[in-house]
A.B. asks: 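Starting off with a structure, shown below.
Residue numbers start from 1 in every chain, and the chains themselves are labelled A, B, ... in the order their sequence lines are given, proteins ahead of strands.
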Protein chains: 2
Amino acid sequence: MPPDASQPNVHRQVVDQLGRLIVGGSLAPGDALPSEELLAGQLVVSRSALREAMKVIGAKGLIESRQKTGARVRERRFWHQLDADVLGWRFATMPTQAFIAELVEMREIIEPAAAAAAAKKRDRDQLAAIAAAYQAMAAAGDRDAWAKADAEFHSAVLNAANNELMSSLFNVIATALHGFFLLSARASDDFKYSLPHHFNVYDAIRKRSAPQARMAMQKMVDDSRRHLQHTGGVA
Amino acid sequence: MPPDASQPNVHRQVVDQLGRLIVGGSLAPGDALPSEELLAGQLVVSRSALREAMKVIGAKGLIESRQKTGARVRERRFWHQLDADVLGWRFATMPTQAFIAELVEMREIIEPAAAAAAAKKRDRDQLAAIAAAYQAMAAAGDRDAWAKADAEFHSAVLNAANNELMSSLFNVIATALHGFFLLSARASDDFKYSLPHHFNVYDAIRKRSAPQARMAMQKMVDDSRRHLQHTGGVA
DNA sequence: CGAATCCATTTGTACGACAATATAGTTTTA
DNA sequence: TAAAACTATATTGTCGTACAAATGGATTCG
């Protein structure tokens with residue numbers, strides 16, 4: 001339970017408001033924000049709460065504030081777009097196909113590489129976790145159970161790659177995409193269509209064959225993209 | 001000029017102190033921080049400044065604070081390790097070979113993929129930028145000029161891939177690694193050894209050959225790793 | 001012994017004050 | 001007249017205090 005949503009914390013709400021404003025484009029890069037006093041008045045919060053929110057927004061790379069000059073919106077390339085909040089704001093304000101395509105592309109790069117690394121570096125327990133997730137997928141009766149086991153599988157593969165940075169990155173991307181897929185790809189019924197792919201990935205990692213693992217995962221994400229294009233319609 | 005270093009801002013200093021404490025391991029996940037009042041006293045800052053710093057640390061995923069319970073250090077998997085500050089703290093406190101290897105591995109995954117994507121999606125201007133960077137590298141007389149042009153080259157390739165998330169991610173990784181390489185790999189003299197590789201990458205992107213671009217970049221990073229092992233000694 | 005209640009501690013929010021400082025406007029000077 | 005120095009002022013940075021809200025633990029009562 002991250003301290004994110006549903007909390008009536010004032011500064012958290014202000015963070016969300018400012019984040020959406022900036023990411024949504026109402027405030028363009030280079031624009032100056034109103035003075036703290038004024039902005040606090042507009043949002044009906046104290047300057048303390050506003051400042052705490054602005055520090056958070058600044059930590060996410062969206063604004064930069066200097067004395068007297070005030071806070072200015074930074075250029076987009078400074079936005080730490082791998083931040084869960086920033087991704088969420090992008091989804092909330094401009095979930096364009098291009099943006100989703102970027103996320104999907106990242107996923108399609110990371111996962112095959114992670115599978116290859118996992119084949120090389122996994123230990124016994126990590127393999128067992130992958131196997132367990134696979135069996136849970138095979139045994140899944142409904143879509144929800146399958147989705148849960150599927151997420152577990154991918155997470156286990158990433159974990160077996162023994163690269164925390166990669167796991168962390170994939171986590172952010174997967175979470176962002178998850179929210180999208182829940183909304184769009186509800187149609188198809190054959191939710192187990194990718195089970196063989198998953199087995200191939202598991203088997204290659206078991207055999208410690210990095211190229212095979214990479215190829216199997218590659219096929220899986222390719223298939224996933226094709227499937228999506230049929231149901232959801234992502235570029 | 002990011003608003004990071006050299007500023008005597010109190011809350012910024014506190015952010016650094018807390019970040020180093022946590023990332024460095026002095027405060028283990030699950031540990032509770034002292035109360036705000038007490039901690040503010042220890043650090044000789046006001047509670048306001050401390051709170052602003054804690055919000056920033058929280059935004060980076062290092063801590064989570066709830067009423068009465070106080071702030072607790074979160075598990076490492078919640079740390080947003082792709083954050084520049086967090087990476088910096090890891091370097092400052094535990095620049096282990098394993099950590100550097102993770103960064104290098106990420107780079108070796110991203111760059112070939114980016115080169116392939118650039119071959120497919122680059123436009124004329126983006127190609128021109130790559131060409132310009134290459135020529136600057138070829139013309140470079142000293143190591144500093146070469147390093148600058150080199151960074152420009154990689155940046156241009158990433159930019160040509162037309163994926164802002166990828167650019168942003170690479171930026172963070174490259175910056176983090178840059179700080180390390182400056183310290184370690186000062187030895188070798190033939191700083192232009194990789195110029196042919198760079199040409200191959202450029203040429204493949206020019207010809208829009210994705211597989212060729214991927215392979216050329218792959219060779220480049222492989223060579224770079226080998227070179228590093230000779231001079232710096234990274235696993 | 002268990003459950004409801006009260007209490008103390010801690011974070012969350014607000015307000016007010018002053019210091020530091022950078023910008024803009026003003027004055028002085030060459 | 002133009003440039004340089006100075007001043008005024010607005011804005012962020014920091015501090016301190018006060019109170020509200022929530023929550024975990026102690027206490028009391030059935």
A.B. asks: Say whether, by atom type as modelled, one donor and one acceptor occur between the side chain of B:N9 and the main chain of B:R12 under 3.5 angstrom.
C.D. replies: no
A.B. asks: Centres of the A:F99 and A:F91 rings: under 6.0 Å?
C.D. replies: yes
A.B. asks: So which protein nitrogen or oxygen atoms get under 3.5 Å of nucleotides 19-23 of chain D's nitrogens or oxygens?
C.D. replies:
unit_1	atom_1	unit_2	atom_2	d
D:dA21	N3	B:Q67	NE2	3.2
D:dA22	O4'	B:Q67	NE2	2.6

A.B. asks: For DNA chain D, which residues in residues 31-40 of chain A have a heavy atom at a distance below 4.0 Å?
C.D. replies: A:S35, A:E36
A.B. asks: Taking only side-chain nitrogens and oxygens of B:R51, does any of them come within less than 4.0 Å of OP1 or OP2 of C:dT11?
C.D. replies: no
A.B. asks: Got A:R72 and A:D31 here, is their nearest side-chain heavy-atom distance under 4.5 Å?
C.D. replies: no
A.B. asks: It should be established whether B:H11 places a side-chain nitrogen or oxygen under 4.0 Å from OP1 or OP2 of nucleotide D:dG13.
C.D. replies: no
A.B. asks: For B:R12 and D:dT14, what is the distance between atoms CZ and C1' respectively, to the nearest whole Å?
C.D. replies: 17 Å
A.B. asks: Nearest whole angstrom, please: distance from the P of C:dT10 to the CZ of B:R72.
C.D. replies: 14 Å
A.B. asks: Ignoring the backbone of A:V45, work out which of C:dA14, D:dG16, C:dT11 is nearest its side chain.
C.D. replies: C:dA14
A.B. asks: Tell me the interatomic distance from A:E52, atom CD, to C:dT13, atom P, rounded to whole angstroms.
C.D. replies: 7 Å
A.B. asks: Give the nucleotide from the list D:dG16, C:dG12, D:dG13 with an atom nearest to the side chain of B:S46.
C.D. replies: D:dG16
A.B. asks: Does a side chain donor of either A:R76 or B:S168 reach within less than 3.5 Å of an acceptor in the other side chain?
C.D. replies: no
A.B. asks: What is the distance, rounded to the nearest whole Å, between atom CG of A:L43 and atom C1' of C:dA14?
C.D. replies: 15 Å
A.B. asks: For A:M54 and for A:S48, find the nucleotide of DNA chain D with the closest heavy atom, then tell me which residue's nucleotide is more 5'.
C.D. replies: A:M54
A.B. asks: Does a salt bridge link B:K148 with B:D144, judged by any charged N lying under 4.0 Å from a carboxylate O?
C.D. replies: no
A.B. asks: Side chains of A:E102 and B:N162: is there a donor and an acceptor less than 3.5 Å apart?
C.D. replies: no
A.B. asks: Measure the shortest side-chain to side-chain distance between B:L165 and B:F170 over non-hydrogen atoms and say whether it is less than 4.5 angstrom.
C.D. replies: no
A.B. asks: Going by atom types only, do A:R51 and A:S46 share a side-chain donor-acceptor pair under 3.5 Å?
C.D. replies: no
